[in-house]
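Notes to accompany the following structure.
In this text, all values refer to a predicted model and were calculated from it rather than measured experimentally.
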Amino acid sequence: MHILICIKQVPDSAQIRVHPVTNTIMRQGVPTIINPYDLFALEEALRLRDAYGGAVTSLSMGPPMAEDALRKALSYGADRAVLLTDRYFAGSDTLATSLALSQAIAKVGETFGTPDIVFTGKQTIDGDTAQVGPGIAKRLDLQQLTYVARIASLDLAAREITVERRCEGGMQLLKSRLPCLVTMLEGTNEIRRGSLQDALRAARTHIVKWSAAEAGIEDLTRCGLRGSPTVVKRVFAPTPRAEKAQRIETAEKTPRDVADELVAALFSRQPKLAHELAFNNDA
């Protein structure tokens, strides 16, 4: 079985900066980490590899420094790593990113074998769109299983996978044919600590690096800023509220007293709320 995991090197959200003119994220001088959601997807890929055999390929698109994130993935136990890097990718939105990654995944299939499962995190902490995974699935004509909380079962002989998917109002149990793309939720597993052997292997493993042309992308106008129709109109910090929060002391009070005080405070701030609740009860 061949599993591919897409990971992204992202700026540490605590120190993120935005370019005042282009409204794109400024990555120079900002510490980087592996997108946290991708780590849960990586762990799930490694668990399936350990249980059913095969290999895990980690793939990332980014500048040359994204090699650090791939070596980190190797230190967790990934078998190989591929970096898609080219100046033409700079400024890519989710449309251009999904195009480049889907082309690279197709190239990985030609080089190392077609992936049975493609994993991604549910979203990234820098873009927060959750669009790249589904975009890849659409371009590669893969069954897509999004917001997956657990891999319930995998039948390689029947080429079927069953997952638990979080949805509004509860959970869905879905069965799909392979190959497929899975986007994993946060907190779905416990991320392993890489072994010393994997850490040493990660340090000396050759990272496969492909340019846009080497990945098979023929039309470069569909990459980077030129291939990104998304336009960020304005980036701004939320205006802080002038009104401070009201604090209710709970010491030496019963839960009922605290609840009564909380309800009284809500009604005093929102007088229409009491009227609406009374009207709904009468109705």
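Leu46 is listed as a side-chain neighbour of Val56, based on a closest heavy-atom distance under 4.5 Å. Using a 4.5 Å heavy-atom cutoff, the side chains of Ile3 and Pro115 are not in contact. Within the 4.5 Å cutoff, no side-chain heavy atoms of His2 are placed close to those of Thr114. Taking the side chain as every heavy atom from C-beta outward, Asp126 and Lys8 approach each other to under 4.5 Å. Residues Ser98 and Arg139 are in side-chain contact: their nearest non-hydrogen atoms beyond the backbone lie under 4.5 Å apart. Between Tyr37 and Thr124 there is no side-chain heavy-atom pair separated by less than 4.5 Å. A 4.5 Å side-chain heavy-atom check between Lys175 and Ile161 finds every atom pair outside the cut-off. Side-chain contact between Ile7 and Leu70 is present, with at least one heavy-atom pair separated by less than 4.5 Å.
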Handout entry: Intermediate values then yes/no, side-chain hydrogen bond (donor to acceptor under 3.5 Å, both in side chains), Ser153 and Thr162
Key = CA-CA 5 Å; Ser153 65; Thr162 305; 3.3 Å; yes
Practice task
Test Thr221 against Arg226 for side-chain hydrogen bond (donor to acceptor under 3.5 Å, both in side chains), laying out the working first.
Solution key: CA-CA 6 Å; Thr221 62; Arg226 289 185 296 173; over 6 Å; no
Exercise for the section: Start with the C-alpha gap between Leu181 and Leu145, add the side-chain angles, then the distance that decides, and say whether side chain to side chain contact (heavy atoms under 4.5 Å, CB included) holds. Expected result: CA-CA 6 Å; Leu181 181 140; Leu145 302 168; over 6 Å; no
Exercise for the section: Begin from the C-alpha positions of Tyr76 and Leu39 and carry the test side chain to side chain contact (heavy atoms under 4.5 Å, CB included) through to its verdict. Expected result: CA-CA 10 Å; Tyr76 281 116; Leu39 289 177; 3.9 Å; yes
Exercise for the section: Step by step, work out the side chain to side chain contact (heavy atoms under 4.5 Å, CB included) result for Leu84 and Phe89. Expected result: CA-CA 9 Å; Leu84 189 61; Phe89 298 140; 3.5 Å; yes
Exercise for the section: Go through Ile125 and Asn35 one step at a time and tell me if the side chain to side chain contact (heavy atoms under 4.5 Å, CB included) criterion holds. Expected result: CA-CA 7 Å; Ile125 62 172; Asn35 178 51; 3.7 Å; yes
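Ion pairing between a basic and an acidic side chain is recognised when a charged N comes within 4.0 Å of a carboxylate O; Arg47 and Asp50 show no such pairing. With respect to the salt-bridge test (charged N to carboxylate O, under 4.0 angstrom), the residues Glu190 and Arg192 do not qualify. Under the 4.0 Å criterion applied to side-chain N and carboxylate O atoms, Arg150 and Glu44 are not assigned as salt-bridge partners. With salt bridges taken as basic N to acidic carboxylate O contacts below 4.0 Å, one links Glu67 and Lys209.
To the nearest 0.5 Å, atom CD1 of residue Ile5 and atom CG of residue Leu48 are 11.0 Å apart. Separating the OG atom in Ser58 from the CZ atom in Arg71 is a distance of 10.5 Å, to the nearest 0.5 Å. For the atom pair OG of Ser211 and CG of Asp86, the computed distance is 5.5 Å after rounding to the nearest 0.5 Å. Between the CD1 atom in Ile217 and the CH2 atom in Trp210 there is a gap of 11.0 Å [rounded to 0.5 Å]. The CD1 atom of Ile105 lies 5.0 Å from the CG atom of Leu4; values are rounded to the nearest 0.5 Å. Atom CE of Met61 sits about 8.0 Å away from atom SG of Cys223, to the nearest 0.5 Å.
Other residues, nucleotides and ligands place more than 12 heavy atoms under 6.0 Å from the NZ atom of Lys122. Annotation: Asp128, atom CG; neighbour count of heavy atoms from other residues, nucleotides and ligands within 6.0 Å is above 12. No more than 12 heavy atoms of other residues, nucleotides or ligands sit less than 6.0 Å from atom CD of Gln270.
The closest donor-acceptor contact from the side chain of Thr111 to the backbone of Val108 lies at 3.5 Å or more, if one exists at all. In this structure a side-chain-to-backbone donor-acceptor pair under 3.5 Å is missing from Ser75 to Ala199. With hydrogens and angles ignored, the 3.5 Å screen pairs a side-chain donor or acceptor of Thr85 with a backbone N or O of Gly62. In this structure, Asp38 contributes its side chain and Gly121 its backbone to a donor-acceptor pair below 3.5 Å. The backbone N or O of Gly77 sits less than 3.5 Å from a side-chain atom of Arg49, completing a donor-acceptor pair.
Paired with Cys180 under the rule side-chain contact (heavy atoms from CB on, under 4.5 Å), one option of Ile117, Asp116, Leu142, Val118 passes, and it is Ile117.
One side chain, Thr146 or Arg165, offers a donor N or O that lies under 3.5 Å from an acceptor on the other.
Taking hydrophobic clusters as Ile, Leu, Val, Met, Phe, Trp and Tyr residues chained together by side-chain heavy-atom distances below 4.5 Å, Ile207 does not share a cluster with Leu59. In the hydrophobic clustering of ILVMFWY residues, with side-chain heavy atoms under 4.5 Å counting as a link, Leu225 and Leu220 come out apart.
Taking all atoms of both residues into account, the shortest heavy-atom contact from Gln144 to Ala137 is CB-CB, 3.7 Å.
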